[in-house]
Amino acid sequence: MQKIFISDLSQHVGQEITLKGWLYNKRSSGKIKFLILRDGTGYLQCVYFKGNVSDEIFNTADRIGQESSIEVTGKIKEEPRAIGGYEMDAIDLKVINETHEYPITPKEHGVEFLMDKRHLWLRSNRQVAIMRIRHRIVKAIRDFFDNKGFTLMDPPIITPAACEGTSTLFETEYFDLGKAYLTQSGQLYAEAGAMALGKVYTFGPTFRAEKSKTRRHLTEFWMVEPEVAFADLNDNMDLAEEFLEYVVQTVIKERESELKVLERDLSKLNNVKRPLPRISYDEAVEILKKNNIEFEYGNDLGGGDETIISEQFDRPVMVHHYPAAVKAFYMKRDPLKPEFALAVDILAPEGYGEIIGGSQREDSFDLLLQRIQEHNLPREAFEWYLDLRKFGSVPHSGFGLGLERTVAWICGLDHIRETIPFPRMIYRNTP
Ligand code: 4AD
Ligand code: MG
């Protein structure tokens, strides 16, 4: 027999069927018990009339606690007033695992308690909606690049050197070979891939030993990183804006009911369409000045600065040409203004901050070697990377989008901890 899910109920109206799932909630009214079944695809109200079922079944319906796993049988009818739009006239109930005192009840719980019980919290309506949106974002990301002829190329997780600065490296002993590090970004490997395949993307977990405790930082997060040969900063910004539009518009269309569960205000997301505004770092600093924000020219933009800047626009804003001194060693500098890097960050609206960081890459062997030395990075670990500038070097560019920040923004969440099934943060590595 084919297993039926709640999401398929439209094909089973008038039929007697069996569904398996968990008891989400229940209430009673005299001789009627209403059990709300959830199966991960939806919710269904199952109605047990005392007259229609044996006393044993009726008493079981009365007794079992929230999150008991059960099998229900009955006839499906349309019921616009019920959750999900259908209802079951139940005639049977089998208990697979009876449970009582499930720790997460419909009442309010503190967030630390819920984080400790994350393995159970994932079953709640909101968390299910977030996970389904996360999945759809991942699919949209992959579809976008796959449809444009990019090749997915998986970089290593264990790496010999830093990519994004040495202060956030997770270190480990690697047999007789000394220290190794968890990757901060797949980019350097994506650059090798772009020289092999023209356009590639990496998509996987990345690690930062972030000592900051903010609502935007995880120590383990997922990043997608496209890299394109024969592409400059403008090509990179064109790609990034087309990509963001595709991802956001697809998710709005494909996850309407989940966004509704989260009570997401869609008016702001609807605006995420090309062209996105493009401003230079200098123009961004002007905005801060006009808003009487104290800011020292030459510094990187902080989270608060990013919020002020993004508030000036009705959609994500691209900030390019940052001072080279605050950016990564691999970024190419503007040949006409070498104190600036050919970098671009994209700031999301509504205070979600930087979701994309990218740049054109330094393609000259001599200049790249100079940067590696200026940053006190070990040359031996970068010989292979320097080779890419020795053998057929070309202008090339790419960017990285943080998946969890994107999920937080699209879902309208207060904190990044709910965007990933089991978050890793400075003060949490369990469950
Ligand atoms: O700006 P970042 O550090 O850029 C890179 O890693 C480049 N190698 C990307 C590239 O050009 N291929 O990180 C890129 C994005 C950020 O914009 C942010 O969305 C996310 O990764 N990110 C984090 N997300 C959650 N927690 C953290 N600790 C993050 N650090 C960066
Ligand atoms: Mg960045």
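We count ligands from 1, going down the list as the structure has it; atoms in each ligand are counted the same way.
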[X] contact mode with ligand 1 (heavy-atom cut-off under 4.0 Å):
X	result
T219	neither
R361	side chain
F399	backbone
F207	neither

Should the pair [X]-[Y] be classified as a salt bridge under the 4.0 Å nitrogen-to-oxygen rule?
X	Y	value
K179	E171	yes
E98	R63	yes
D314	K268	no
R389	E191	yes
R264	E350	yes

Would the number of heavy atoms belonging to other residues, nucleotides or ligands and lying under 6.0 Å from CZ of F422 be above 12?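 Enclosed: over 12 neighbouring heavy atoms sit under 6.0 Å from CZ of F422.
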State whether the number of non-hydrogen atoms from other residues, nucleotides or ligands found under 6.0 Å of E374 atom CD is greater than 12.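 Yes, CD of E374 has more than 12 neighbouring heavy atoms, counting only those of other groups under 6.0 Å.
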So for [X], does at least one of its heavy atoms come nearer than 4.0 angstrom to any atom of ligand 1?
X	answer
E404	no
K327	no
R216	yes

Tell me which protein heavy atom sits closest to [atom], plus the residue, atom name and distance to 0.1 Å.
atom	result
atom 31 (C) of ligand 1	F221 CZ, 3.5 Å
atom 19 (O) of ligand 1	I355 O, 2.9 Å
atom 9 (C) of ligand 1	E225 OE1, 3.3 Å
atom 5 (C) of ligand 1	E164 OE2, 3.3 Å
atom 14 (C) of ligand 1	M223 SD, 3.4 Å
atom 18 (C) of ligand 1	R405 NH1, 3.6 Å

Does any N or O atom in I416 lie less than 3.5 angstrom from one in ligand 1, N or O only?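 It does not: no N or O of I416 is found under 3.5 Å from an N or O of ligand 1.
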Below 3.5 Å, N or O to N or O, backbone or side chain included: is there any such pair between C163 and ligand 1?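 Not met; the criterion fails.
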Show the atoms of ligand 1 that are less than 4.0 angstrom away from any heavy atom in [X].
X	value
Y330	7 (C), 8 (N)
S185	6 (O), 8 (N)
I356	17 (O)
G358	11 (O)
G357	1 (O), 9 (C), 10 (C), 11 (O), 17 (O)
E210	28 (N)

In this structure, which one of N236, D235, L239 forms a side-chain contact (heavy atoms from CB on, under 4.5 Å) with V228?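 Single pass found, and it is L239.
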Tell me the nearest of [options] to [atom], using heavy-atom distances.
atom	options	value
atom 6 (O) of ligand 1	Q187, R208, Q184	R208
atom 16 (C) of ligand 1	E354, M425, Q360	E354
atom 26 (N) of ligand 1	T214, I420, L218, L188	L218

Are the ring centres of F203 and F145 closer than 6.0 Å?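 Between F145 and F203, which both carry aromatic rings, the centre distance is not below 6.0 Å.
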Quick check, are the ring centers of Y201 and F399 under 6.0 angstrom apart?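 Not close enough - the centres of the two rings lie 6.0 Å or further apart.
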E354 atom (N/O/S) at minimal separation from the Mg ion (ligand 2):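 E354's closest N, O or S atom to the Mg ion (ligand 2) is named OE2.
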Do the numbers put K337 on top of the ring of F340, so that NZ or CZ is under 6.0 Å from the six-membered ring centre and no more than 45° off the axis?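 That pair qualifies as a cation-pi contact.
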Exactly one of F5, Y24, F34, W22 should register a ring-ring contact (aromatic ring centres under 6.0 Å, His included) with Y43. Which one does?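 Passing option: Y24.
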Hey, can you tell me if Y322 and Y281 have their rings parallel, tilted or perpendicular (30° and 60° cut-offs)?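 The rings of Y322 and Y281 sit tilted, inter-plane angle from 30° to 60°.
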Per the side-chain hydrogen bond (donor to acceptor under 3.5 Å, both in side chains) rule, which among K199, Q187, R361 passes with E227?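 So, applying the side-chain hydrogen bond (donor to acceptor under 3.5 Å, both in side chains) to E227 and each of K199, Q187, R361, only R361 qualifies.
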Determine the sole option in Q127, R118, R134 for which the side-chain hydrogen bond (donor to acceptor under 3.5 Å, both in side chains) test with E418 is passed.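 The option that passes is Q127.
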